[in-house]
Amino acid sequence: MTEALDGEQVNLLKRAFSMFDSSKKGNIEKEKVRTILTTLGHSYDDAELEALLEGEDPENTGTLNFDSFCRVASHFLENEDDEALQKELKEAFRLYDKEGNGYIPTSSLREILAALDDQLTGDQLNEMIAEIDTDSSGTVDFEEFMEMMTGD
């Protein structure tokens, strides 16, 4: 299904998916799709999303693999140019940069990641944060956030 998406969108979805696939089993809970779409700044119709999720989970396992996730997410992704994507990510970043400092403390990022996936261990959280906070500053600036979300 990833053929309908451009490379950047697939990268973005892969990164988002793997952030929520804390057990690294190749599946995420269906409920996490809402969180991912919201975090990426995409609006969706609840009934439409629910129908798509049910269609991708005929055995009612409550989980989706990456291909199923892409099929669902692609319904809500618009073909956007880089500027529009950056604007959406800036909005998402601003939600977490409550003080308006231009960065998110890694402690806040840790809380966000832990809240998004309560299965993450302390070590997994440390690993994710070390990967995101490339300059070890204890904060995640917009550039690091963009890189985390787009893989660029």
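Position 1 is the first residue of the sequence, and the numbers go up from there. In this text, all values refer to a predicted model and were calculated from it rather than measured experimentally.
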Which distance, rounded to the nearest 0.5 Å, do you find between the [atom1] of [X] and the [atom2] of [Y]?
X	Y	atom1	atom2	result
Tyr96	Leu109	OH	CG	9.0 Å
Leu125	Thr106	CG	OG1	11.0 Å
Leu53	Thr63	CG	OG1	11.0 Å
Asn27	Phe20	CG	CZ	15.0 Å
Phe145	Ile132	CZ	CD1	9.0 Å

Non-hydrogen atoms of [X] and [Y] that approach each other most closely:
X	Y	value
Leu13	Ala73	CD2-CB, 3.9 Å
Ser22	Leu120	CB-CD2, 3.1 Å
Ile36	Ala16	CG2-CB, 3.7 Å
Lys14	Phe66	CG-CZ, 3.4 Å

Has [X] got a side-chain atom pairing as donor or acceptor with [Y]'s backbone, closer than 3.5 angstrom?
X	Y	value
Asn65	Gly26	no
Glu54	Ala51	no
Lys98	Ile104	no
Glu56	Val72	no
Glu144	Thr134	yes

Exceeds 12 heavy-atom contacts within 6.0 angstrom, atom [atom1] of [X]:
X	atom1	result
Glu127	CD	no
Tyr103	OH	no
Lys25	NZ	no
Glu131	CD	no

Apply side chain to side chain contact (heavy atoms under 4.5 Å, CB included) to the pair His75 and Tyr44, showing each step before the final yes or no.
CA-CA 9 Å; His75 283 275; Tyr44 55 86; over 6 Å; no

Using a strict 4.0 Å threshold on nitrogen-to-oxygen distance, state whether Arg34 and Glu29 make a salt bridge.
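Here Arg34 does not pair with Glu29 in a salt bridge, since their nearest N and O are not under 4.0 Å apart.
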
Salt bridge Asp21-Lys32, side-chain N to carboxylate O under 4.0 Å:
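So Asp21 does not pair with Lys32 through a salt bridge.
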
Give the C-alpha distance, both sets of side-chain angles, the deciding distance and a yes or no for side chain to side chain contact (heavy atoms under 4.5 Å, CB included) between Leu37 and Leu49.
CA-CA 10 Å; Leu37 290 172; Leu49 177 59; 4.1 Å; yes

Donor on one side chain, acceptor on other, Ser137 and Asp135, under 3.5 Å:
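There is such a pair between these side chains.
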
